[in-house]
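As the structure is a computational prediction, the values presented were derived from the model and not from experiment. So you know, we letter chains A, B, ... as the sequences are listed, proteins then strands, and number each from 1.
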Amino acid sequence: MPKLLPRSFYLDPPDIVARRLLGKLIARRLNGQSLTGRIVEIEAYLGLDDPAAHAYAGKTARNAVLFGPPGFAYVYFIYGMYYCLNISCQPEGHAGCVLIRALEPVKGLATMARLRKLPANAAPRLLTSGPGRLCQALDITRAAHNGLDVTRRPSPLQVLDDDYEPGLVRETARIGISKAVEQPLRFVIEGNPFVSR
DNA sequence: GGAGCGATGTCCT
DNA sequence: GGACATCGCTCCG
């Protein structure tokens, strides 16, 4: 039986937490069904000293969750179309987070395909490989999930540990940003086909 | 299989 | 007004 990750799991700096979250499960409870995916790609965003982070400019209404306690979902709307899922890290007052960039779909693939508006037999790679895609596949929105505690039971959004051991972890530069591009704060499971692009 | 680009809402300057 | 932690579509080879 997978274990719910406790709040203490998220107390450390984002790069530590990001690496440690690889291989863990995101479980989305939707209409009595469980949509589950394994984290295979993730990025760390630091606080006030990371120009690429949303928290860089200081606390605003949008990013307030980042400055709160660890273990809470930070969901934001991007490019007028997509949502991205983050989890806050570090003690209250420290604005670190991790961005979930890709999942390996585990359970509920047919529902994920429907939510992505793809045919039921669509390639699994198209379901959750990318931060915008995985939010669509799991029906994660800012209105419903921003500020949600992911360490609580029950919850529509949880992070679980099923003792899966990821193989080799590769560390790379982050994707899609224009500032602090050189920092190696992206972590992927080496060779996993569900890593984005 | 890769480069180029348009779609489209929200927030900050 | 511009930037934006994206995606899917074209067009080209």
Within residues 178-197 of chain A, the residues having a heavy atom closer than 4.0 Å to DNA chain C are A/Ser178, A/Lys179

Under the rule for side chain to side chain contact (heavy atoms under 4.5 Å, CB included), what residues qualify as partners of A/Lys117, not counting sequence neighbours? none

Tell me which one of A/Ile100, A/Ile26, A/Leu25 satisfies side-chain contact (heavy atoms from CB on, under 4.5 Å) with A/Val159. A/Ile26

B/S/- along nucleotides 8-13 of chain B (protein heavy atoms under 4.0 Å) is BBSSS-

Hey, any chance A/Leu48 and A/Val65 share a hydrophobic cluster, counting ILVMFWY side chains that come within less than 4.5 Å of each other, even indirectly? yes

Nonpolar side-chain network containing A/Leu46, other nodes, edges under 4.5 Å: A/Leu185

Select from A/Arg116 and A/Ala55 the residue whose nearest nucleotide in DNA chain C is closer to the 5' end of that strand. A/Ala55

Are A/Asp162 and A/Lys24 within salt-bridge range, i.e. N to O under 4.0 Å? no

Using a 3.5 Å cut-off on both pairing distances, which stems of three or more Watson-Crick or G-U pairs include DNA chain C? B:1-7 with C:6-12, B:9-12 with C:1-4

Who passes side chain to side chain contact (heavy atoms under 4.5 Å, CB included) against A/Thr151, sequence neighbours left out? A/Arg7, A/Tyr10, A/Asp149

Candidate list A/Glu104, A/Arg38, A/Glu41, test side-chain hydrogen bond (donor to acceptor under 3.5 Å, both in side chains), partner A/Asn192, passing option: A/Glu104

Does A/Leu134 belong to the same Ile/Leu/Val/Met/Phe/Trp/Tyr cluster as A/Leu115, with side-chain heavy atoms less than 4.5 Å apart forming each link? yes

Quick check: closest heavy atoms across A/Pro14 and A/Gly96, and the distance to 0.1 Å? CG-CA, 3.6 Å

side-chain contact (heavy atoms from CB on, under 4.5 Å) with A/Leu103: which of A/Leu127, A/Ile42, A/Leu138? A/Leu138

Donor-acceptor pairs under 3.5 Å, side chain of residues 77-86 of chain A to any protein atom, not counting sequence neighbours: which ones?
residue: A/Asn86; atom: ND2; partner: A/Tyr74; partner atom: O; Å: 3.2

From the 5' end of DNA chain C to its 3' end, which nucleotides mark the outer limits of contact with chain A, defined by a 4.0 Å heavy-atom distance cut-off (strictly under)? C/dC4 to C/dG8

Any salt bridge (Lys or Arg N to Asp or Glu O under 4.0 Å) pairs touching residues 9-21 of chain A, not counting sequence neighbours? A/Asp12-A/Arg20, A/Arg19-A/Glu171

Under the side-chain hydrogen bond (donor to acceptor under 3.5 Å, both in side chains) rule, what pairs show up with a residue in residues 126-143 of chain A, not counting sequence neighbours? A/Arg116-A/Gln136

Taking DNA chain C as the partner, which of residues 101-110 of chain A come within under 4.0 angstrom of it by heavy atom? A/Arg101

Is it the case that the ring center of A/Tyr76 lies less than 6.0 angstrom away from the ring center of A/His54? yes

Short N-O contact, A/Glu43 and A/Arg174, less than 4.0 angstrom: no

Short side-chain to backbone donor-acceptor contact, A/Ser34 and A/Arg29, under 3.5 Å: no

A/Arg125 (side chain) donor-acceptor with A/Val195 (main chain) under 3.5 angstrom: yes

Scan residues 125-141 of chain A against DNA chain C and write down, sorted by residue number, each residue with any heavy atom closer than 4.0 Å; if none is found, say none. A/Gly130, A/Pro131, A/Gly132, A/Arg133

